Number of protein chains: 2
Amino acid sequence: MALEHAILVCLSEQDLSGYDLAKQFDTSIGFFWHASHPQIYRELRKLKDQGLLVSTDHSQVGKPNKTVYSLTDTGREALFAWSQRAVEPPAVKDELLVRLYALDDIDRPALMAQLHDRLEKHQERLRQYRRIKETQYASPDLSSRQQGKLIALEMGIRYEENWVSWCEEALETLTNRA
Amino acid sequence: MALEHAILVCLSEQDLSGYDLAKQFDTSIGFFWHASHPQIYRELRKLKDQGLLVSTDHSQVGKPNKTVYSLTDTGREALFAWSQRAVEPPAVKDELLVRLYALDDIDRPALMAQLHDRLEKHQERLRQYRRIKETQYASPDLSSRQQGKLIALEMGIRYEENWVSWCEEALETLTNRA
DNA sequence: CCTCTATATGTGTTGTTGCACATAGGCTGG
DNA sequence: CCAGCCTATGTGCAACAACACATATAGAGG
């Protein structure tokens with residue numbers, strides 16, 4: 001119950017090839033559910049076998065041809081049924097936080113460097129999310145689908161802001177204590 | 001590179017049996033790295049075979065005996081070496097956020113109910129984290145190990161606060177738009 | 001005496017993910 | 001003409017995690 005549904009979600013908006021899907025899973029929806037392309041192609045075949053998708057071959061000029069997938073009615077029903085199922089909050093799994101549990105037995109300067117690195121990475125993502133918000137969701141009149149995506153993006157922004165400020169404070173605390 | 005190190009981290013503070021470790025992975029360190037007991041017992045045997053741990057049998061009265069594990073010097077070195085390795089930020093994987101991407105094709109009242117449910121769960125965790133902070137980290141003079149744990153706990157608190165406020169606002173936005 | 005709960009430790013199976021590797025068309029620039 | 005890159009689609013394998021199931025001691029309470 002996982003990638004399968006994320007693919008149905010993507011295809012509920014528009015028909016896409018495996019390659020295009022992989023790009024979505026690297027950018028847009030990938031912020032909240034990442035997947036590699038081998039995973040995606042495998043899942044697409046499975047979903048097609050189950051009758052949730054159909055595929056059509058599109059010939060292209062200047063590029064290799066591609067196979068575009070669309071939701072069937074059964075697929076759309078499966079998406080709806082999935083949306084009614086309860087969701088558990090995902091478990092946090094973060095090595096950096098685990099390392100803080102052994103502050104006496106780890107390489108402290110290395111930890112500080114890692115915190116710095118994390119800070120920069122989260123700052124970069126934050127910039128990216130804010131750029132997306134400004135460029136794609138600035139309109140005052142969003143469709144309900146866009147509205148939903150914006151709410152998710154909002155979580156992304158807060159999540160990154162939270163990390164940025166936490167990293168800064170953690171670094172400060174650890175510096176004063178060194 | 002995963003549960004293995006979280007176990008080394010736990011044992012760097014004190015010797016523990018598999019059962020005690022499982023409890024830690026349900027409460028304390030489990031907030032940032034969860035594991036089930038079968039996983040833990042399997043990993044312990046592996047780490048022992050690798051020479052990172054040694055075990056001693058402790059007979060108990062009134063309870064079944066237990067096997068207590070301790071870090072060897074090699075184990076402590078492995079922990080230190082691991083702490084020097086770079087960490088990637090963990091990928092977010094959250095079905096609830098994925099569902100927001102298909103707001104037009106899902107069961108909207110069900111989504112609202114799920115948001116409510118999530119809100120309550122995060123509120124509960126937040127209460128739990130704050131309770132732990134007050135009861136275990138209130139002292140002005142913490143050891144450096146405790147200091148590290150507190151920094152991690154601080155992330156837990158902010159993380160939950162963030163979820164709580166996001167859920168509230170998401171519910172509000174979706175209500176006004178219905 | 002029986003059930004329930006807590007302590008204590010596992011096996012077996014399945015599902016998911018990640019990662020490395022494989023292939024192939026066609027454009028662009030040196 | 002060749003290298004490098006983007007498009008496009010896969011296979012194979014290993015690691016990891018989730019979940020159900022299995023087993024045993026011993027106290028507490030009905």
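First the proteins, then the strands, lettered A, B, ... as listed; each starts at 1. Keep in mind it's a predicted model, so treat the numbers as computed, not measured. Worth knowing before you read on, the calculation uses all heavy atoms, side chains too, and leaves out hydrogens, waters and symmetry mates.
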Pairing residues for A:Asp117 by the salt bridge (charged side-chain N to carboxylate O under 4.0 Å, His left out) criterion, not counting sequence neighbours
A:Lys121
Which residues pass the ring pair (Phe, Tyr, Trp, His ring centres under 6.0 Å) test with B:His37, not counting sequence neighbours?
none
Partners passing side-chain hydrogen bond (donor to acceptor under 3.5 Å, both in side chains) against A:Trp166 (at least two apart in sequence or in another chain)
none
Whole angstroms only, please: what is the CG-P distance between A:Leu47 and C:dT16?
11 Å
Residue-phosphate contact under 4.0 Å: A:Gln39 side-chain N/O, C:dG18 OP1/OP2:
yes
Report the distance from atom CD1 of B:Ile40 to atom C1' of C:dT7, rounded to the nearest whole Å.
15 Å
Whole-Å distance, B:Ile7 CD1 to C:dT9 C1', equals 14 Å
Starting at atom NZ of B:Lys48, determine the distance to atom P of C:dG10, rounded to an integer number of angstrom.
9 Å
Find the bend of the helix from C:dC1-D:dG30 to C:dG30-D:dC1 as the angle between its two terminal axes (five pairs each), to the nearest 10°.
20°
Nearest-Å distance for atom pair CD/P, residues B:Glu43 and D:dA17:
8 Å
Show me the side-chain donor-acceptor pairs of residues 62-69 of chain B shorter than 3.5 Å, one per line, residues at least two apart or across chains.
{"unit_1": "B:Asn65", "atom_1": "OD1", "unit_2": "B:Gln60", "atom_2": "N", "d": "3.0"}
{"unit_1": "B:Lys66", "atom_1": "NZ", "unit_2": "B:Asp20", "atom_2": "OD2", "d": "3.4"}

Using whole Å, what does the distance between atom P of nucleotide D:dA17 and atom CD of A:Glu88 come to?
19 Å
Does the plane of the ring in B:His122 sit parallel, tilted or perpendicular to the ring in B:Tyr159? Use 30° and 60° as the thresholds.
perpendicular
Between C1' on C:dT7 and NE2 on B:His58, what's the gap in Å once rounded to a whole number?
16 Å
Does the side chain of A:Ser83 come under 3.5 Å of the side chain of B:Asp107 through a donor N or O and an acceptor N or O?
no
Would you be so kind as to tabulate the donor-acceptor pairs closer than 3.5 Å made by side chains of residues 46-55 of chain A, with sequence neighbours excluded?
{"unit_1": "A:Lys46", "atom_1": "NZ", "unit_2": "A:Glu43", "atom_2": "OE2", "d": "3.3"}
{"unit_1": "A:Lys48", "atom_1": "NZ", "unit_2": "A:Ser55", "atom_2": "OG", "d": "2.9"}

Given protein heavy atoms under 4.0 Å, the one-letter contact record of nucleotides 3-11 of chain D, with B base, S sugar-phosphate only and - none, is simply ----BBBBB
Closest-nucleotide mapping onto DNA chain C: is B:Lys93 or A:Val61 further toward the 5' terminus? I mean the 5' end.
B:Lys93
Show every side-chain hydrogen bond (donor to acceptor under 3.5 Å, both in side chains) that has at least one partner inside residues 71-81 of chain A, sequence neighbours left out.
A:Arg76-B:Asp105
Nearest whole angstrom, please: distance from the P of C:dA8 to the CG of B:Leu44.
14 Å
Taking only residues two or more places apart in sequence or in another chain, which ones pass side-chain hydrogen bond (donor to acceptor under 3.5 Å, both in side chains) with A:Ser143?
none
